[in-house]
Number of protein chains: 2
Amino acid sequence: MASVEFSRILSFFKALSDESRLKIVGALASNERSVEELATLLELRAPTVSHHLAKLKEAGLVEMRSEGTTHIYHLVLSEMRALTRRVLSLDTIETFTEDVHPDAWERKILGDFFEGQRLKEIPASRKKREVILRWLVERFKFDRRYMEKEVNAIIGKHHPDFATLRRELICAKLLARESGVYWRP
Amino acid sequence: MASVEFSRILSFFKALSDESRLKIVGALASNERSVEELATLLELRAPTVSHHLAKLKEAGLVEMRSEGTTHIYHLVLSEMRALTRRVLSLDTIETFTEDVHPDAWERKILGDFFEGQRLKEIPASRKKREVILRWLVERFKFDRRYMEKEVNAIIGKHHPDFATLRRELICAKLLARESGVYWRP
DNA sequence: AGATTATTTTGATATATATCTAATTAGATA
DNA sequence: TATCTAATTAGATATATATCAAAATAATCT
């Protein structure tokens, strides 16, 4: 389920994603205004304006005060600013996928290309090949050096074309090599 | 017609006013990603993701680069920031009503309550009364002092209850008074 | 050239929503 | 209490759009 932060930001965008509501906010930027006044300005019927104001109020962007039967609405600038600022932050944006399983993609690719321990084929697309390579490199320990023959043997357990895969691992900088010795950087 | 700035901001909000698109932006915040990858992450079909990416591209929020048949999308952070900042500014918000006739409301009220030069009645609602008072005070010059009798005569040309209206003008600070002399502040 | 893969386009459908009129509610006034 | 006014709610309608499956494109590989 989506976080409360996510819902707030979504309803913020929904609130401002309509031409009439954007104009209402514009009109309220310079002055508080009654429903009838807004209706006249925007050439809409009062119920329509009322409907829009309800959405803006829901998002916390406007507040209302009564004066007799007149309802006078004003912008909540602090909320406008707070929400806008939050959208500006990359940290906040990243949380938009909070409820999504982040490794769904990798698991799918691994499932598609492996049959048990055996790699059925080397993916043509770089994106997918990367997933396979990241899995392969996990077969190597960090605190060890490997001779080329060992590297070939380990990769060979999963796919016959160990030469290509070895080269790709180096190329992707997942494995390092110097004078015939390999290790995980 | 709406200004180009207004349309850009509206399409910015429209682009981000959907749950799936907000999540796509979230996924792209940490990494560039292919259509298929996004589809897997969000549990949507590729055409749906393609549709959303088109909208985000339209708004200038993402860009695409091809790698073989794979299309890899990435966030345009500068555009995100630029648009968000513009929304933060009150000046920008005020321009949202640029194409709206700003005195439509006042003209409507004056039309409703006046019959020629004659004020039919004094509006009950403060908002409307203010419009009438602002019109009335225009009957006075800035660089003159008026005796109460003169004030009554001028107001009386438009409505018999000059006493109430005179008091309201003072109350709204549209007219100033000291020891029986009146002037426009 | 033919086959394969990733993406986009098209067409269909269901849901959401902007707008209006008519009816209702709530406050103020006579 | 009855009336008037401003706003909201209810109900209806038309438009917009999110989603999917199927078809069409585009790039790559055999």
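Here is how names work: the chains are called A, B, and so on, in the same order as the sequence lines, proteins then strands, and each is numbered from 1. Note that the structure is a prediction, hence the values are computed from the model and not measured.
- Residue A/K14 places its side chain closer to C/dT17 than to any other of D/dT17, C/dT17, D/dA18.
- Proximity of A/T70 to the phosphate of C/dG27: no side-chain N or O atom is located under 4.0 Å from OP1 or OP2.
- Checking the phosphate oxygens (OP1, OP2) of D/dA6, no side-chain nitrogen or oxygen of A/Y73 falls inside 4.0 Å.
- A/L10 places its CG atom 11 Å from the P atom of D/dA18, with the value rounded to the nearest Å.
- When the P atom of D/dA27 is taken as reference, atom CD of B/E36 falls 18 Å away, rounded to whole Å.
- Inspection of the B/E148 and B/Y182 side chains reveals an N or O donor paired with an N or O acceptor under 3.5 Å.
- The cationic atom of A/R144 (NZ for Lys, CZ for Arg) lies less than 6.0 Å from the six-membered ring centre of A/Y146 and within 45° of the ring axis.
- To the nearest angstrom, C1' of C/dT9 lies 16 Å from CD of B/E58.
- Checked against D/dC20, C/dC20, D/dA7, the side chain of B/P47 finds its nearest nucleotide in D/dC20.
- The separation between A/I72 atom CD1 and D/dA6 atom P is 12 Å, rounded to whole Å.
- Between the NZ atom of B/K108 and the C1' atom of D/dT5 there is a distance of 12 Å, rounded to whole Å.
- Side-chain nitrogen and oxygen atoms of B/S66 include none within less than 4.0 Å of the OP1 or OP2 phosphate oxygen of D/dA27.
- Looking at A/K128 and A/E106, no side-chain N of the basic residue comes within less than 4.0 Å of a carboxylate O on the acidic one, giving no salt bridge.
- Among C/dT19, C/dT7, C/dA6, the nucleotide with an atom closest to any side-chain atom of A/H51 is C/dT19.
- Nucleotide C/dG2: paired with D/dC29 (Watson-Crick or G-U wobble, both distances less than 3.5 Å).
- Rounded to an integer number of Å, the gap from B/H71 NE2 to D/dA27 P is 7 Å.
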Handout entry: Trace of the side chain to side chain contact (heavy atoms under 4.5 Å, CB included) decision for B/F96 with B/I9
Key = CA-CA 9 Å; B/F96 292 173; B/I9 292 182; 3.9 Å; yes
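- Between A/T69 and D/dA7 there is no side-chain N or O to OP1 or OP2 distance below 4.0 Å.
- As rounded to whole Å, 13 Å separates atom P of D/dT19 from atom CG of B/L38.
- Applying the 4.0 Å criterion to OP1 and OP2 of D/dA18, one finds that B/R21 has a side-chain N or O inside that range.
- Spacing between atom CD of A/E67 and atom P of D/dA7 amounts to 11 Å, rounded to whole angstrom units.
- For D/dA18, neither phosphate oxygen OP1 nor OP2 lies less than 4.0 angstrom from any side-chain nitrogen or oxygen of B/T48.
- A salt bridge links A/E32 with B/R126: at least one charged nitrogen is closer than 4.0 Å to a carboxylate oxygen.
- Each of A/A46 and B/A54 was assigned the nucleotide of DNA chain C with the nearest heavy atom; the assignment lying further toward the 5' end belongs to B/A54.
- With DNA chain D read from its 5' end, the first of the two nearest nucleotides for B/E121 and B/K55 is the one closest to B/E121.
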